[in-house]
Chemist: 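Here's a structure for you.
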Amino acid sequence: MNESLNLNQPVKDMGPNELKAYATLGGKQHDEANKELERRWRSYDDMLPHDEFVSIIDKAAHESSV
């Protein structure tokens with residue numbers, strides 16, 4: 001894991017790489033990180049096509065297991 005990631009800050013302040021790393025800490029953290037990613041996705045509802053939210057965390061986990 002990258003030493004420069006700050007996983008002790010509030011989830012809402014984490015960047016994508018920090019959220020991915022935070023999600024690996026456990027189920028609660030995984031759910032919290034996904035919730036924040038979806039909140040960010042929904043904040044762009046007026047600007048993006050009405051696509052379904054797909055988590056970069058779950059997508060990365062699925063791709064690495066294939």
Side-chain angles (χ1 to χ4, degrees):
M1 190 176 296
N2 188 337
E3 298 293 329
S4 66
L5 298 177
N6 180 2
L7 303 182
N8 295 317
Q9 64 184 320
V11 171
K12 67 179 185 65
D13 296 334
M14 291 182 183
N17 291 336
E18 289 165 324
L19 286 169
K20 287 180 190 177
Y22 184 74
T24 64
L25 298 177
K28 178 180 180 250
Q29 291 87 346
H30 178 272
D31 294 345
E32 193 177 1
N34 265 337
K35 185 176 178 181
E36 176 60 20
L37 288 168
E38 185 165 7
R39 183 196 67 76
R40 292 177 190 183
W41 173 263
R42 299 280 174 231
S43 73
Y44 291 101
D45 273 351
D46 294 341
M47 296 175 262
L48 296 173
H50 294 287
D51 290 340
E52 183 179 337
F53 169 74
V54 178
S55 171
I56 61 173
I57 295 167
D58 295 334
K59 184 178 177 182
H62 174 71
E63 289 173 354
S64 67
S65 66
V66 173

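This chain uses plain numbering: 1 for the first residue, then up along the sequence. Keep in mind that what you see is a predicted model, and the values were worked out from it rather than measured.
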Chemist: Given side-chain contact (heavy atoms from CB on, under 4.5 Å), test Q29 with V11 step by step and report yes or no.
Modeler: CA-CA 9 Å; Q29 291 87 346; V11 171; over 6 Å; no
Chemist: If you round to the nearest 0.5 Å, how far is OG of S55 from NZ of K20?
Modeler: 9.5 Å
Chemist: Cluster question for you: counting only ILVMFWY and a side-chain heavy-atom cut-off of under 4.5 Å, with indirect links fine, are I56 and Y44 together?
Modeler: yes
Chemist: Rounded to the nearest 0.5 Å, what separation is found between the CE atom of M14 and the CG atom of L7?
Modeler: 5.5 Å
Chemist: Not counting sequence neighbours, list each pair that qualifies as a salt bridge (Lys or Arg N to Asp or Glu O under 4.0 Å) and has a residue in residues 22-33.
Modeler: none
Chemist: Please name all residues satisfying side-chain hydrogen bond (donor to acceptor under 3.5 Å, both in side chains) with Q9, sequence neighbours left out, ordered by chain then number.
Modeler: E18
Chemist: Tell me, please, which residues at least two apart from A33 pass side-chain contact (heavy atoms from CB on, under 4.5 Å).
Modeler: L19, Y22, A23, I57
Chemist: Output the distance between atom NZ (K12) and atom NZ (K35), rounded to the nearest 0.5 Å.
Modeler: 14.0 Å
Chemist: Any chance you could measure T24, atom OG1, to H30, atom NE2, to the nearest 0.5 Å?
Modeler: 10.0 Å
Chemist: Measure across F53 and R42 and return the closest heavy-atom pair with its distance rounded to 0.1 Å.
Modeler: CB-NH2, 3.8 Å
Chemist: Give the cluster check for M47 versus L37: same hydrophobic cluster or not, with ILVMFWY residues linked at side-chain heavy-atom distances below 4.5 Å.
Modeler: yes
Chemist: Going by the rule side-chain hydrogen bond (donor to acceptor under 3.5 Å, both in side chains), which residues pair with E36 if we only count those two or more places apart in sequence or in a different chain?
Modeler: R39, R40
